[in-house]
Amino acid sequence: MIITKPKPFEEILPYLEGKKNIFIVGCNVCAAKMKTGGEPEVLSMVDRLTAQGYPVIGWVMPTAACSIRSFDHLVEKNEKIREADAILVMGCGSGTSVIAAVSDVFVTGTNETVSLGGCLGANPSKNLCIMCGACNIGDFTGICPNARCPKFQMNGPCGGSKNHKCEVSKENDCVWYLIEQKMDSLHMIPLLKNVQMPKDHAV
Amino acid sequence: MDSKGTFKEKLQSTQFLVTGEIPSPKGADASSALKNMRQIQGFADAVNVTDNQCATLHMSSLAFSRLVIDSGYPDPVMQMTCRDRNRLGLQADLLGAAALGIPNILVMSGDHPKCGDHPTAKAVYDLDSVQLLKTIEQMKKGYSLSGNSLSKAPDFCVGVVSNADPGERLQMLKLEKKLSFGVDFIQTQAVFDVEKFKEFLELADTDVSVLAGIIPLRSTRMVRHMNANIPGISIPKELCERIYNAEDPVSEGVAIAAELIEQLKPVCRGVHIMPVGAHTNTEKILKKAHILD
(Lines give C-alpha, C1' and ligand atoms only; values in the text may rest on other atoms or scores of the structure.)
Protein backbone atom coordinates (compact mmCIF):
# COMPACT_ATOMS: atom_id res chain seq x y z
CA MET A 1 0.00 0.00 0.00
CA ILE A 2 1.24 3.47 -0.85
CA ILE A 3 1.42 5.67 2.23
CA THR A 4 0.30 9.23 1.59
CA LYS A 5 -0.40 12.28 3.70
CA PRO A 6 -2.32 15.37 2.62
CA LYS A 7 -0.42 18.46 1.60
CA PRO A 8 -1.47 21.60 3.48
CA PHE A 9 -4.54 22.99 1.67
CA GLU A 10 -2.81 26.34 1.20
CA GLU A 11 -0.03 24.68 -0.79
CA ILE A 12 -2.51 23.38 -3.36
CA LEU A 13 -4.29 26.66 -4.02
CA PRO A 14 -1.56 28.49 -5.99
CA TYR A 15 -1.69 25.73 -8.62
CA LEU A 16 -5.39 26.43 -9.14
CA GLU A 17 -5.24 30.23 -9.48
CA GLY A 18 -7.11 31.36 -12.61
CA LYS A 19 -8.49 27.90 -13.39
CA LYS A 20 -12.10 27.94 -14.46
CA ASN A 21 -13.02 24.25 -14.50
CA ILE A 22 -11.41 22.20 -11.76
CA PHE A 23 -12.03 18.46 -11.78
CA ILE A 24 -11.05 16.12 -8.94
CA VAL A 25 -9.94 12.50 -9.27
CA GLY A 26 -9.93 10.41 -6.08
CA CYS A 27 -8.47 6.96 -5.48
CA ASN A 28 -10.46 4.14 -3.99
CA VAL A 29 -7.55 1.96 -2.95
CA CYS A 30 -4.53 3.18 -0.97
CA ALA A 31 -5.55 6.83 -0.63
CA ALA A 32 -9.04 5.81 0.50
CA LYS A 33 -7.48 3.57 3.15
CA MET A 34 -5.18 6.40 4.21
CA LYS A 35 -8.16 8.81 4.24
CA THR A 36 -6.31 11.09 1.84
CA GLY A 37 -8.34 10.45 -1.33
CA GLY A 38 -11.44 8.39 -0.66
CA GLU A 39 -14.94 9.69 -1.35
CA PRO A 40 -15.33 11.57 1.98
CA GLU A 41 -12.02 13.38 1.40
CA VAL A 42 -12.95 14.19 -2.21
CA LEU A 43 -16.29 15.64 -1.13
CA SER A 44 -14.55 17.63 1.59
CA MET A 45 -12.09 18.99 -0.99
CA VAL A 46 -14.97 19.99 -3.28
CA ASP A 47 -16.57 21.90 -0.38
CA ARG A 48 -13.37 23.63 0.70
CA LEU A 49 -12.41 24.72 -2.80
CA THR A 50 -15.93 25.90 -3.56
CA ALA A 51 -16.06 27.86 -0.31
CA GLN A 52 -12.85 29.64 -1.33
CA GLY A 53 -14.26 30.51 -4.74
CA TYR A 54 -12.45 27.89 -6.83
CA PRO A 55 -14.81 26.50 -9.48
CA VAL A 56 -15.08 22.70 -9.14
CA ILE A 57 -17.07 21.18 -11.98
CA GLY A 58 -17.05 17.54 -10.92
CA TRP A 59 -15.21 14.57 -9.48
CA VAL A 60 -14.71 10.89 -10.07
CA MET A 61 -13.65 7.87 -8.03
CA PRO A 62 -11.73 5.39 -10.20
CA THR A 63 -10.87 2.11 -8.50
CA ALA A 64 -7.21 3.13 -8.43
CA ALA A 65 -5.84 6.41 -9.75
CA CYS A 66 -2.64 4.60 -10.71
CA SER A 67 -4.45 2.06 -12.89
CA ILE A 68 -6.57 3.78 -15.56
CA ARG A 69 -7.55 2.13 -18.83
CA SER A 70 -7.91 5.39 -20.73
CA PHE A 71 -9.18 8.97 -20.55
CA ASP A 72 -12.43 7.75 -22.04
CA HIS A 73 -12.83 5.39 -19.11
CA LEU A 74 -12.83 8.45 -16.81
CA VAL A 75 -15.26 10.19 -19.15
CA GLU A 76 -17.63 7.23 -18.83
CA LYS A 77 -17.69 7.79 -15.08
CA ASN A 78 -18.13 11.58 -15.30
CA GLU A 79 -18.12 13.34 -18.68
CA LYS A 80 -17.49 16.72 -16.99
CA ILE A 81 -13.83 15.82 -17.04
CA ARG A 82 -13.84 16.76 -20.77
CA GLU A 83 -14.40 20.43 -19.80
CA ALA A 84 -11.66 20.52 -17.13
CA ASP A 85 -8.74 22.93 -17.43
CA ALA A 86 -7.20 21.54 -14.24
CA ILE A 87 -7.32 18.07 -12.68
CA LEU A 88 -6.58 17.61 -9.02
CA VAL A 89 -5.58 14.04 -8.14
CA MET A 90 -6.12 12.88 -4.57
CA GLY A 91 -3.91 9.80 -4.82
CA CYS A 92 -0.20 9.13 -4.67
CA GLY A 93 2.48 10.49 -6.99
CA SER A 94 2.06 7.45 -9.20
CA GLY A 95 -1.70 8.03 -9.48
CA THR A 96 -1.15 11.68 -10.34
CA SER A 97 1.39 10.70 -13.00
CA VAL A 98 -0.97 8.18 -14.60
CA ILE A 99 -3.80 10.72 -14.77
CA ALA A 100 -1.38 13.25 -16.27
CA ALA A 101 -0.36 10.67 -18.87
CA VAL A 102 -3.94 10.26 -20.16
CA SER A 103 -4.89 13.94 -19.97
CA ASP A 104 -3.85 17.03 -21.95
CA VAL A 105 -4.68 19.61 -19.26
CA PHE A 106 -2.86 20.82 -16.16
CA VAL A 107 -2.62 18.10 -13.47
CA THR A 108 -1.40 18.25 -9.89
CA GLY A 109 -1.80 16.20 -6.71
CA THR A 110 -3.06 16.94 -3.22
CA ASN A 111 -0.91 14.45 -1.32
CA GLU A 112 2.66 13.80 -0.29
CA THR A 113 3.69 10.25 -1.18
CA VAL A 114 5.58 9.07 1.85
CA SER A 115 6.52 5.46 1.32
CA LEU A 116 5.51 1.96 0.40
CA GLY A 117 4.00 0.54 3.55
CA GLY A 118 1.27 -1.70 4.73
CA CYS A 119 -1.81 -1.89 6.85
CA LEU A 120 -2.33 -4.36 9.64
CA GLY A 121 -5.85 -3.80 10.88
CA ALA A 122 -6.53 -0.08 10.92
CA ASN A 123 -2.92 0.99 11.49
CA PRO A 124 -0.81 1.90 8.50
CA SER A 125 2.93 1.17 8.71
CA LYS A 126 5.38 3.27 6.75
CA ASN A 127 8.61 2.25 5.01
CA LEU A 128 8.14 -1.48 4.70
CA CYS A 129 9.67 -1.58 1.23
CA ILE A 130 11.71 0.90 -0.82
CA MET A 131 11.28 -0.96 -4.08
CA CYS A 132 15.01 -1.55 -4.56
CA GLY A 133 14.44 -4.09 -7.29
CA ALA A 134 16.97 -6.46 -5.74
CA CYS A 135 14.97 -8.07 -2.97
CA ASN A 136 16.68 -10.33 -0.48
CA ILE A 137 14.21 -9.92 2.36
CA GLY A 138 14.44 -13.67 3.00
CA ASP A 139 17.95 -13.13 4.37
CA PHE A 140 16.27 -11.22 7.20
CA THR A 141 13.13 -13.34 7.71
CA GLY A 142 10.85 -10.81 6.05
CA ILE A 143 12.08 -7.69 7.86
CA CYS A 144 13.87 -5.42 5.39
CA PRO A 145 16.78 -3.35 6.78
CA ASN A 146 17.16 -1.56 3.46
CA ALA A 147 13.66 -0.11 3.84
CA ARG A 148 13.41 0.23 7.59
CA CYS A 149 16.87 1.46 8.57
CA PRO A 150 17.31 5.19 7.78
CA LYS A 151 20.95 4.39 6.98
CA PHE A 152 20.10 1.37 4.79
CA GLN A 153 22.50 -0.76 6.86
CA MET A 154 22.63 -4.22 5.30
CA ASN A 155 25.38 -5.83 7.38
CA GLY A 156 24.23 -5.13 10.90
CA PRO A 157 23.22 -2.19 13.05
CA CYS A 158 25.05 1.12 12.96
CA GLY A 159 26.57 2.30 16.23
CA GLY A 160 23.77 4.78 16.74
CA SER A 161 20.99 2.81 18.38
CA LYS A 162 20.49 3.13 22.12
CA ASN A 163 18.28 0.77 24.14
CA HIS A 164 17.20 -0.86 20.87
CA LYS A 165 15.78 2.43 19.57
CA CYS A 166 16.69 4.06 16.26
CA GLU A 167 19.20 6.94 16.25
CA VAL A 168 16.95 8.94 13.94
CA SER A 169 13.64 8.48 15.74
CA LYS A 170 13.64 7.20 19.29
CA GLU A 171 9.98 6.23 18.87
CA ASN A 172 11.03 3.50 16.45
CA ASP A 173 12.70 0.23 17.32
CA CYS A 174 16.02 -0.29 15.57
CA VAL A 175 15.12 -2.62 12.70
CA TRP A 176 18.20 -4.68 13.49
CA TYR A 177 16.81 -5.32 16.95
CA LEU A 178 13.60 -6.64 15.33
CA ILE A 179 15.63 -8.78 12.94
CA GLU A 180 17.73 -10.14 15.81
CA GLN A 181 14.63 -11.02 17.85
CA LYS A 182 12.97 -12.89 15.02
CA MET A 183 16.06 -14.65 13.72
CA ASP A 184 17.00 -15.64 17.24
CA SER A 185 13.59 -17.22 17.77
CA LEU A 186 14.13 -19.18 14.55
CA HIS A 187 17.76 -20.08 15.43
CA MET A 188 18.93 -18.26 12.30
CA ILE A 189 21.40 -15.75 13.76
CA PRO A 190 24.43 -17.44 12.11
CA LEU A 191 23.00 -16.50 8.71
CA LEU A 192 23.59 -12.85 9.58
CA LYS A 193 27.34 -13.51 9.32
CA ASN A 194 27.02 -13.50 5.53
CA VAL A 195 28.41 -10.29 4.07
CA GLN A 196 25.76 -8.44 2.11
CA MET A 197 27.25 -6.94 -1.04
CA PRO A 198 26.36 -3.44 -2.31
CA LYS A 199 22.89 -3.17 -3.85
CA ASP A 200 22.51 -3.02 -7.60
CA HIS A 201 20.74 0.29 -8.12
CA ALA A 202 20.65 -0.13 -11.88
CA VAL A 203 17.71 -2.50 -11.68
CA MET B 1 54.86 6.79 22.01
CA ASP B 2 55.82 9.08 19.19
CA SER B 3 58.89 6.99 18.46
CA LYS B 4 60.02 6.84 14.87
CA GLY B 5 57.98 5.10 12.23
CA THR B 6 54.62 5.47 10.61
CA PHE B 7 51.37 4.86 12.46
CA LYS B 8 51.03 1.58 10.56
CA GLU B 9 54.50 0.51 11.66
CA LYS B 10 53.73 1.51 15.23
CA LEU B 11 50.58 -0.61 15.14
CA GLN B 12 52.84 -3.57 14.45
CA SER B 13 55.21 -2.70 17.30
CA THR B 14 54.64 -3.36 21.00
CA GLN B 15 54.54 0.27 22.12
CA PHE B 16 51.42 1.70 23.75
CA LEU B 17 49.87 4.13 21.29
CA VAL B 18 48.01 7.39 21.77
CA THR B 19 45.86 8.95 19.09
CA GLY B 20 43.72 12.06 19.33
CA GLU B 21 40.60 13.25 17.58
CA ILE B 22 40.85 16.59 15.76
CA PRO B 23 37.62 18.01 14.39
CA SER B 24 37.94 19.69 11.01
CA PRO B 25 37.26 23.43 11.10
CA LYS B 26 33.74 24.76 10.69
CA GLY B 27 34.80 27.18 7.98
CA ALA B 28 37.52 27.79 5.41
CA ASP B 29 40.01 29.01 8.05
CA ALA B 30 41.82 26.03 9.55
CA SER B 31 44.03 27.95 11.99
CA SER B 32 42.18 27.17 15.21
CA ALA B 33 41.76 23.50 14.29
CA LEU B 34 45.49 23.28 13.54
CA LYS B 35 46.20 25.02 16.86
CA ASN B 36 44.19 22.29 18.56
CA MET B 37 46.21 19.69 16.65
CA ARG B 38 49.49 21.24 17.82
CA GLN B 39 48.52 20.59 21.43
CA ILE B 40 49.02 16.86 20.82
CA GLN B 41 51.32 16.94 17.79
CA GLY B 42 54.44 16.41 19.88
CA PHE B 43 53.35 13.11 21.38
CA ALA B 44 50.39 11.68 19.44
CA ASP B 45 51.05 8.64 17.30
CA ALA B 46 48.23 9.70 14.98
CA VAL B 47 45.74 12.52 14.76
CA ASN B 48 42.31 11.54 13.68
CA VAL B 49 40.46 14.00 11.43
CA THR B 50 36.68 13.84 11.64
CA ASP B 51 34.33 13.71 8.63
CA ASN B 52 31.42 16.12 9.12
CA GLN B 53 31.19 14.92 12.70
CA CYS B 54 27.73 14.79 14.27
CA ALA B 55 26.41 15.22 10.70
CA THR B 56 27.35 18.89 11.02
CA LEU B 57 29.12 20.81 8.27
CA HIS B 58 32.89 21.01 8.62
CA MET B 59 35.76 21.28 6.14
CA SER B 60 36.21 17.97 4.32
CA SER B 61 38.35 15.47 6.22
CA LEU B 62 40.37 14.95 3.04
CA ALA B 63 41.31 18.62 2.72
CA PHE B 64 41.98 19.07 6.43
CA SER B 65 44.07 15.88 6.58
CA ARG B 66 46.28 17.35 3.87
CA LEU B 67 46.51 20.64 5.80
CA VAL B 68 47.57 18.61 8.82
CA ILE B 69 50.39 17.09 6.75
CA ASP B 70 51.37 20.54 5.43
CA SER B 71 51.55 21.73 9.03
CA GLY B 72 54.27 19.21 9.80
CA TYR B 73 52.31 16.22 11.01
CA PRO B 74 52.85 13.39 8.54
CA ASP B 75 50.43 10.76 9.74
CA PRO B 76 46.78 11.86 9.93
CA VAL B 77 43.96 9.35 10.04
CA MET B 78 41.25 10.52 7.65
CA GLN B 79 37.81 9.56 8.84
CA MET B 80 35.44 8.55 6.08
CA THR B 81 31.72 8.13 6.66
CA CYS B 82 29.27 6.47 4.29
CA ARG B 83 26.69 9.21 4.80
CA ASP B 84 27.51 11.85 2.20
CA ARG B 85 28.89 10.11 -0.89
CA ASN B 86 27.88 7.21 -3.11
CA ARG B 87 30.33 4.48 -4.14
CA LEU B 88 31.70 6.65 -6.94
CA GLY B 89 32.31 9.64 -4.65
CA LEU B 90 33.85 7.53 -1.89
CA GLN B 91 36.29 5.85 -4.27
CA ALA B 92 37.17 9.15 -5.94
CA ASP B 93 38.03 10.66 -2.56
CA LEU B 94 40.02 7.59 -1.58
CA LEU B 95 42.10 7.94 -4.75
CA GLY B 96 42.49 11.65 -4.04
CA ALA B 97 43.56 10.94 -0.47
CA ALA B 98 46.16 8.44 -1.69
CA ALA B 99 47.50 10.90 -4.25
CA LEU B 100 47.73 13.62 -1.59
CA GLY B 101 49.76 11.36 0.69
CA ILE B 102 47.14 10.65 3.34
CA PRO B 103 48.23 7.32 4.75
CA ASN B 104 45.42 6.22 7.09
CA ILE B 105 41.66 5.85 6.71
CA LEU B 106 39.07 5.22 9.42
CA VAL B 107 35.76 3.89 8.10
CA MET B 108 32.38 4.43 9.77
CA SER B 109 28.69 4.73 8.93
CA GLY B 110 28.37 8.31 10.20
CA ASP B 111 25.57 9.97 12.13
CA HIS B 112 22.34 10.42 10.19
CA PRO B 113 21.78 13.92 8.69
CA LYS B 114 18.69 14.30 10.87
CA CYS B 115 21.01 14.42 13.89
CA GLY B 116 23.01 17.34 12.51
CA ASP B 117 22.76 20.89 11.18
CA HIS B 118 21.38 19.94 7.77
CA PRO B 119 18.47 17.72 8.82
CA THR B 120 16.75 18.02 5.43
CA ALA B 121 19.77 16.62 3.57
CA LYS B 122 19.45 13.37 1.64
CA ALA B 123 21.21 10.53 3.47
CA VAL B 124 23.29 8.60 0.94
CA TYR B 125 24.61 5.43 2.60
CA ASP B 126 24.96 3.81 -0.83
CA LEU B 127 27.54 1.55 0.83
CA ASP B 128 27.56 0.58 4.48
CA SER B 129 30.80 0.45 6.42
CA VAL B 130 31.33 -3.26 5.72
CA GLN B 131 30.81 -2.70 2.00
CA LEU B 132 33.16 0.31 2.03
CA LEU B 133 35.82 -1.85 3.68
CA LYS B 134 35.36 -4.43 0.96
CA THR B 135 35.73 -1.64 -1.60
CA ILE B 136 38.97 -0.40 -0.01
CA GLU B 137 40.36 -3.91 0.08
CA GLN B 138 39.62 -4.25 -3.62
CA MET B 139 41.19 -0.86 -4.39
CA LYS B 140 44.33 -1.87 -2.52
CA LYS B 141 44.53 -4.82 -4.91
CA GLY B 142 44.41 -2.39 -7.83
CA TYR B 143 40.74 -2.53 -8.81
CA SER B 144 37.72 -0.32 -8.40
CA LEU B 145 34.52 -1.75 -6.96
CA SER B 146 33.26 -2.24 -10.50
CA GLY B 147 36.38 -4.25 -11.34
CA ASN B 148 38.24 -1.70 -13.47
CA SER B 149 42.01 -1.45 -13.05
CA LEU B 150 43.44 1.53 -11.20
CA SER B 151 46.56 3.29 -12.52
CA LYS B 152 48.04 2.85 -9.06
CA ALA B 153 46.59 1.01 -6.09
CA PRO B 154 46.31 3.04 -2.88
CA ASP B 155 48.10 1.61 0.13
CA PHE B 156 46.10 2.71 3.15
CA CYS B 157 46.37 1.68 6.74
CA VAL B 158 42.70 1.02 7.48
CA GLY B 159 40.81 1.29 10.73
CA VAL B 160 37.27 0.54 11.84
CA VAL B 161 35.15 1.74 14.73
CA SER B 162 33.15 -0.38 17.13
CA ASN B 163 31.15 -0.07 20.27
CA ALA B 164 32.84 -2.01 23.04
CA ASP B 165 29.76 -3.67 24.47
CA PRO B 166 30.08 -7.46 24.48
CA GLY B 167 26.31 -7.71 25.07
CA GLU B 168 25.53 -6.26 21.63
CA ARG B 169 25.54 -9.48 19.64
CA LEU B 170 24.91 -7.96 16.21
CA GLN B 171 27.50 -5.21 16.77
CA MET B 172 30.03 -7.94 17.52
CA LEU B 173 28.95 -9.84 14.44
CA LYS B 174 29.32 -6.72 12.32
CA LEU B 175 32.82 -6.17 13.72
CA GLU B 176 33.68 -9.72 12.69
CA LYS B 177 32.55 -8.90 9.15
CA LYS B 178 34.60 -5.69 9.13
CA LEU B 179 37.72 -7.54 10.24
CA SER B 180 37.39 -9.96 7.33
CA PHE B 181 38.59 -7.20 4.97
CA GLY B 182 42.21 -6.75 6.04
CA VAL B 183 41.78 -4.16 8.76
CA ASP B 184 44.80 -2.69 10.60
CA PHE B 185 43.20 -1.27 13.74
CA ILE B 186 39.97 -0.99 15.70
CA GLN B 187 39.01 2.22 17.46
CA THR B 188 36.28 1.84 20.07
CA GLN B 189 33.60 4.05 21.51
CA ALA B 190 34.58 5.60 24.85
CA VAL B 191 35.40 3.05 27.54
CA PHE B 192 34.43 3.68 31.17
CA ASP B 193 34.16 0.10 32.38
CA VAL B 194 37.46 -1.71 31.96
CA GLU B 195 36.12 -5.11 33.03
CA LYS B 196 33.39 -4.91 30.40
CA PHE B 197 36.04 -3.81 27.87
CA LYS B 198 38.09 -6.89 28.70
CA GLU B 199 35.01 -9.03 27.98
CA PHE B 200 34.67 -7.22 24.66
CA LEU B 201 38.29 -8.00 23.78
CA GLU B 202 37.85 -11.62 24.73
CA LEU B 203 34.74 -11.94 22.60
CA ALA B 204 36.28 -10.05 19.65
CA ASP B 205 39.20 -12.51 19.83
CA THR B 206 41.35 -10.72 17.27
CA ASP B 207 45.00 -9.93 16.64
CA VAL B 208 44.05 -6.58 15.13
CA SER B 209 45.26 -3.67 17.31
CA VAL B 210 42.52 -2.20 19.49
CA LEU B 211 42.63 1.44 20.56
CA ALA B 212 40.22 2.13 23.42
CA GLY B 213 38.24 5.35 23.23
CA ILE B 214 38.71 7.87 26.04
CA ILE B 215 36.39 10.83 26.61
CA PRO B 216 37.42 12.96 29.59
CA LEU B 217 34.31 13.78 31.65
CA ARG B 218 33.76 17.44 32.45
CA SER B 219 30.48 17.95 34.31
CA THR B 220 27.40 16.37 35.85
CA ARG B 221 25.38 17.49 32.86
CA MET B 222 27.77 15.82 30.45
CA VAL B 223 27.70 12.55 32.40
CA ARG B 224 23.90 12.50 32.47
CA HIS B 225 23.66 13.42 28.79
CA MET B 226 26.13 10.73 27.73
CA ASN B 227 24.51 8.02 29.81
CA ALA B 228 21.06 8.88 28.50
CA ASN B 229 21.77 9.64 24.87
CA ILE B 230 25.11 8.46 23.55
CA PRO B 231 24.97 5.00 22.02
CA GLY B 232 27.49 2.47 23.26
CA ILE B 233 28.32 4.46 26.38
CA SER B 234 27.48 3.36 29.88
CA ILE B 235 29.29 5.19 32.68
CA PRO B 236 29.39 3.11 35.90
CA LYS B 237 27.60 4.61 38.90
CA GLU B 238 30.81 4.98 40.88
CA LEU B 239 32.39 7.22 38.21
CA CYS B 240 29.17 9.23 37.88
CA GLU B 241 29.18 9.86 41.65
CA ARG B 242 32.78 11.06 41.53
CA ILE B 243 31.86 13.72 38.97
CA TYR B 244 28.61 14.66 40.73
CA ASN B 245 30.43 15.17 44.05
CA ALA B 246 33.60 16.79 42.74
CA GLU B 247 34.43 20.40 43.60
CA ASP B 248 36.23 20.62 40.27
CA PRO B 249 34.55 18.16 37.86
CA VAL B 250 37.03 18.89 35.06
CA SER B 251 39.99 17.88 37.25
CA GLU B 252 38.11 14.83 38.44
CA GLY B 253 37.43 13.95 34.80
CA VAL B 254 41.16 14.25 34.08
CA ALA B 255 41.90 11.93 37.02
CA ILE B 256 39.31 9.38 35.89
CA ALA B 257 40.63 9.42 32.31
CA ALA B 258 44.19 8.89 33.60
CA GLU B 259 43.09 5.99 35.80
CA LEU B 260 41.25 4.38 32.90
CA ILE B 261 44.30 4.68 30.67
CA GLU B 262 46.51 3.09 33.34
CA GLN B 263 44.06 0.21 33.63
CA LEU B 264 43.77 -0.15 29.86
CA LYS B 265 47.52 -0.10 29.20
CA PRO B 266 48.06 -3.79 29.98
CA VAL B 267 44.99 -4.96 28.05
CA CYS B 268 45.01 -3.18 24.66
CA ARG B 269 47.35 -1.56 22.16
CA GLY B 270 46.53 2.05 22.89
CA VAL B 271 43.98 4.75 23.50
CA HIS B 272 42.17 7.21 21.29
CA ILE B 273 41.40 10.46 23.10
CA MET B 274 38.24 12.32 22.07
CA PRO B 275 37.79 15.38 24.28
CA VAL B 276 34.63 17.43 24.05
CA GLY B 277 36.26 20.66 22.88
CA ALA B 278 40.01 21.13 22.51
CA HIS B 279 42.91 18.95 23.67
CA THR B 280 43.64 21.36 26.56
CA ASN B 281 43.98 18.58 29.14
CA THR B 282 45.22 15.70 27.00
CA GLU B 283 48.89 16.11 27.90
CA LYS B 284 47.99 16.42 31.58
CA ILE B 285 45.94 13.20 31.42
CA LEU B 286 48.78 11.29 29.78
CA LYS B 287 51.31 12.53 32.34
CA LYS B 288 49.00 11.53 35.16
CA ALA B 289 48.61 8.11 33.54
CA HIS B 290 52.44 7.83 33.35
CA ILE B 291 52.28 7.56 29.57
CA LEU B 292 54.22 10.83 29.21
CA ASP B 293 57.11 11.92 31.42
Side-chain angles (χ1 to χ4, degrees), chain A residues 112 115 127 130 132 134 136 139-141 143-185 187-203, chain B residues 54-55 81-83 86-88 90 108-116 119 122-135 137-138 145-146 160-165 168-181 187-189 213 226-234:
Chain A
E112 301 291 0
S115 73
N127 298 322
I130 54 171
C132 70
N136 60 339
D139 292 348
F140 313 101
T141 66
I143 305 171
C144 179
N146 198 31
R148 296 173 70 174
C149 169
K151 297 183 185 175
F152 319 118
Q153 298 290 294
M154 296 301 290
N155 279 294
C158 74
S161 68
K162 178 106 178 167
N163 302 324
H164 309 309
K165 295 295 178 186
C166 176
E167 171 185 286
V168 174
S169 170
K170 291 186 170 48
E171 292 165 9
N172 294 339
D173 287 325
C174 169
V175 68
W176 278 100
Y177 173 66
L178 302 178
I179 291 169
E180 182 182 15
Q181 296 294 298
K182 187 160 182 192
M183 293 193 77
D184 198 17
S185 73
H187 311 292
M188 291 173 71
I189 292 284
L191 288 182
L192 292 176
K193 289 185 180 178
N194 297 333
V195 172
Q196 296 283 340
M197 290 298 146
K199 282 271 182 186
D200 178 356
H201 293 291
V203 291
Chain B
C54 304
T81 73
C82 299
R83 176 190 54 232
N86 67 9
R87 61 194 79 178
L88 205 54
L90 289 165
M108 60 190 72
S109 306
D111 295 329
H112 194 278
K114 280 193 179 162
C115 305
K122 181 170 184 172
V124 180
Y125 301 108
D126 179 30
L127 304 181
D128 66 22
S129 53
V130 172
Q131 294 161 348
L132 177 53
L133 288 162
K134 184 213 160 13
T135 305
E137 185 190 55
Q138 191 155 323
L145 185 60
S146 65
V160 298
V161 293
S162 179
N163 285 344
D165 184 348
E168 292 287 346
R169 177 168 44 173
L170 294 196
Q171 295 274 3
M172 296 302 299
L173 202 143
K174 188 171 188 180
L175 177 61
E176 194 182 320
K177 290 192 201 184
K178 289 177 178 178
L179 298 182
S180 69
F181 292 111
Q187 182 180 300
T188 75
Q189 178 57 288
M226 286 176 68
N227 257 343
N229 300 306
I230 307 298
I233 286 188
S234 171

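Heavy atoms only: backbone and side chains are in, while hydrogens, waters and symmetry mates are out. Here is the naming used below: chain letters follow the sequence lines, and residue numbers restart at 1 for every chain.
The pair A:K199-B:D126 does not count as a salt bridge, with every side-chain nitrogen at least 4.0 angstrom from each carboxylate oxygen.
Listed for the B:K174 side chain is a donor-acceptor partner under 3.5 Å among the backbone atoms of A:P157. Checking side-chain atoms of B:Q131 against main-chain N and O of A:V195 turns up no donor-acceptor pair under 3.5 Å. Between the side chain of A:N155 and the backbone N or O of B:V130 there is no donor-acceptor pair closer than 3.5 Å. Using modelled atom types, one side-chain atom of A:K162 and one backbone atom of B:I233 make a donor-acceptor pair closer than 3.5 Å.
Annotation: salt bridge (charged side-chain N to carboxylate O under 4.0 Å, His left out) contacts of B:E176 (sequence neighbours excluded): none. Legend: residues meeting ring pair (Phe, Tyr, Trp, His ring centres under 6.0 Å) with B:Y125, ordered by chain and number and at least two apart, are absent.
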Item to complete: Given side-chain contact (heavy atoms from CB on, under 4.5 Å), test A:I189 with B:R169 step by step and report yes or no.
Response: CA-CA 10 Å; A:I189 292 284; B:R169 177 168 44 173; 3.9 Å; yes
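Atom CG of residue B:D128 and atom CE of residue A:M197 lie 10.0 Å apart, to the nearest 0.5 angstrom. In this structure, the separation between OG on B:S129 and CD on A:Q153 is 6.0 Å, given to the nearest 0.5 Å. Rounding to the nearest 0.5 Å places SG of A:C158 at 11.5 Å from CZ of B:R83. How far CG of B:L173 is from CG of A:L192: 6.5 Å, rounded to the nearest 0.5 Å. Distance check, rounded to the nearest 0.5 Å: CD of B:E168 to OG of A:S161 gives 6.0 Å.
For A:I130, the CD1 atom counts as densely surrounded, since its 6.0 Å shell holds more than 12 non-hydrogen atoms of other residues, nucleotides or ligands.
Looking at A:N194, the atoms closer than 4.5 Å to chain B (heavy atoms on both sides) all sit in the backbone: N, CA, C or O. Within the 4.5 angstrom heavy-atom criterion, atoms from both the backbone and the side chain of B:D111 approach chain A.
When B:I230, B:V161, B:T135, B:L127 are compared by the number of non-hydrogen pairs under 4.5 Å with chain A, B:I230 comes out ahead.
The heavy-atom pair separating A:E180 from B:L170 by the smallest distance is CB-CD1, 3.7 Å. Nearest heavy-atom pair across B:P231 and A:G160 is CG-O, 3.1 Å.
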